[in-house]
Amino acid sequence: MAKITVNNTEVNIVKVDGEDYICLTDMMRVKDGEFFITDWLRNRNTLEYIGIWEKVYNPRFNYGEFAIIRNSAGLNSFKISVKEFVARTNAISLQAKAGRYGGTYAHKDIAFEFAMWISPEFKIYIVKEFQRLKAEEQRLLGWSAKRELSKINYRIHTDAIKQNLIPSEVTSTQACMIYANEADVLNVAMFGVTAKQWRENHPDLKGNIRDYASINELICLSNMENLNAVFIEQGITQSERLVKLNKIAIHQMSILESSANDRKLLQ
């Protein structure tokens with residue numbers, strides 16, 4: 001469930017089979033005067049558009065029933081609910097949901113046409129907010145991918161610690177202390193603080209320092225985990241590794257940030 005705010009109105013968005021469906025019931029709240037979704041659905045132009053959309057995207061659409069409904073459009077006596085329309089035509093463009101986030105939902109293609117029915121201005125703003133939401137989702141998806149890569153590389157890092165730094169006979173507590181100590185080598189080189197210092201400075205935040213890192217920081221951290229594993233295997237002391245890794249972090253971050261700024265200038 002996601003939300004966007006358009007003209008001070010919250011509009012819910014849900015995923016249905018991987019597609020975005022926008023709540024028409026929420027959108028309808030910005031319409032001046034008496035207005036019902038059934039008024040929009042009974043319009044012949046609306047039905048024509050939905051029919052063409054279903055033809056393109058829905059191989060199970062019942063064209064026979066749809067033709068009967070479309071032929072009735074324009075008559076004063078004609079009125080049809082979303083539930084009835086879906087039941088008779090097997091349409092996938094519209095959804096009637098019950099429960100906490102209940103209401104009438106439409107595939108984004110249809111919802112944007114509904115927004116035009118409300119007003120051209122409203123359509124422009126809802127498309128703009130929807131695009132902003134999608135851009136934010138892509139940004140978070142990229143962050144998650146980099147976070148997972150960092151976790152995978154950390155396994156390489158811990159394996160190097162296990163093979164080269166942990167004596168054959170130590171307690172599990174002692175081993176954990178060595179792992180944590182080496183993790184803090186990366187934390188200090190990258191962020192300038194240990195995990196403990198970060199928690200003390202941010203008592204209200206959940207998770208750890210890496211959960212709040214930027215994409216560029218995660219890329220750099222992933223590289224440093226691999227390099228530190230190599231440095232450990234080469235027998236380089238911890239103090240020397242820390243200095244090396246800090247210089248690498250500064251250098252790589254300057255390159256990554258410069259590249260990001262160049263991309264912004266080209267947009």
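- Taking each heavy atom of C220 and A249 in turn, the nearest pair found is SG-CA, 3.6 Å.
- Using modelled atom types, no side-chain atom of R70 and backbone atom of R44 make a donor-acceptor pair closer than 3.5 Å.
- By the side chain to side chain donor-acceptor pair (under 3.5 Å) test, Q238 pairs with N181, E182, sequence neighbours left out.
- The backbone N or O of K79 sits nowhere less than 3.5 Å from a side-chain atom of R42 that would complete a donor-acceptor pair.
- Of the candidates V14, N12, I13, N12 is the only one forming a side-chain contact (heavy atoms from CB on, under 4.5 Å) with C23.
- For the pair S222 (side chain) and L218 (backbone), a donor-acceptor distance under 3.5 Å is absent.
- What you find for I209 and V193 is that their closest heavy atoms are CD1-CG2, 3.7 Å.
- Between the CG atom of L245 and the CG atom of L186 there is a distance of 6.0 Å, given to the nearest 0.5 Å.
- L94 and M116 end up in different hydrophobic clusters when Ile, Leu, Val, Met, Phe, Trp and Tyr side chains are linked at under 4.5 Å.
- In this structure, S214 contributes its side chain and E217 its backbone to a donor-acceptor pair below 3.5 Å.
- Side-chain atoms of D39 come within 3.5 Å of backbone atoms of F36 as a donor-acceptor pair (strictly under, hydrogens ignored).
- The shortest distance between side-chain heavy atoms of I248 and Q252 falls below 4.5 Å.
- Salt bridge absent: D26 and K3 never bring a charged side-chain N and a carboxylate O closer than 4.0 Å.
- Between Y63 and F61, the gap from one ring centroid to the other is short of 6.0 Å.
- When all heavy atoms are compared, the tightest approach of S93 to I50 is OG-CG2, 3.5 Å.
- Residues I236 and K244 are in side-chain contact: their nearest non-hydrogen atoms beyond the backbone lie under 4.5 Å apart.
- If you take CD1 on I232 and CZ on R241, they are separated by 4.5 Å, rounding to the nearest 0.5 Å.
- No donor-acceptor pair under 3.5 Å is formed between the side chain of N246 and the backbone N or O of L242.
- With hydrogens and angles left out, the side-chain atoms of E240 and T237 include a donor and acceptor closer than 3.5 Å.
- E48 places no side-chain N or O within 3.5 Å of a backbone atom of N45 that could act as its donor or acceptor partner.
- Residues I22 and F130 meet the side-chain proximity criterion, which asks for heavy atoms closer than 4.5 Å.
- The side chain to side chain contact (heavy atoms under 4.5 Å, CB included) search around I92 returns Y21, W53, E54, N58, not counting sequence neighbours.
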Show the atom names and distances, to 0.1 Å, of all donor-acceptor pairs under 3.5 Å that link a side chain in residues 199-206 to residues at least two apart or in another chain.
residue	atom	partner	partner atom	Å
N201	ND2	Q197	O	3.1
H202	ND1	W198	O	3.0
H202	ND1	W198	NE1	3.4

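- Minimum interatomic distance between T9 and R29 (heavy atoms only, all atoms of both residues): CG2-CB, 4.3 Å.
- Qualifying side chain to side chain contact (heavy atoms under 4.5 Å, CB included) partners for R88, counting only residues two or more places apart in sequence or in other chains: E65, I68, I69, I80, E84.
- Judged as a side chain to side chain donor-acceptor pair (under 3.5 Å), and not counting sequence neighbours, T25 has no contacts.
- Taking the side chain as every heavy atom from C-beta outward, L24 and W40 approach each other to under 4.5 Å.
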For residues 119-129, tabulate all N or O donor-acceptor pairs below 3.5 Å that involve a side-chain atom, not counting sequence neighbours.
residue	atom	partner	partner atom	Å
S119	OG	F122	N	2.9
E129	OE1	R132	NE	3.0
E129	OE1	R132	NH2	3.4

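- Taking NE2 of H107 as the start and CG of D17 as the end, the distance is 10.0 Å to the nearest 0.5 Å.
- A donor-acceptor pair under 3.5 Å is absent between the side-chain atoms of D184 and the main chain of N187, judged by distance alone.
- One finds the CG atom of N62 at 7.5 Å from the CG atom of N90 (value rounded to the nearest 0.5 Å).
- Side-chain N or O atoms of D20 include none that pairs as donor or acceptor with a backbone N or O of K108 at under 3.5 Å.
- Rounded to the nearest 0.5 Å, atoms CZ (F114) and CG (L41) are 10.0 Å apart.
- For the atom pair CG of L227 and CG of N223, the computed distance is 6.5 Å after rounding to the nearest 0.5 Å.
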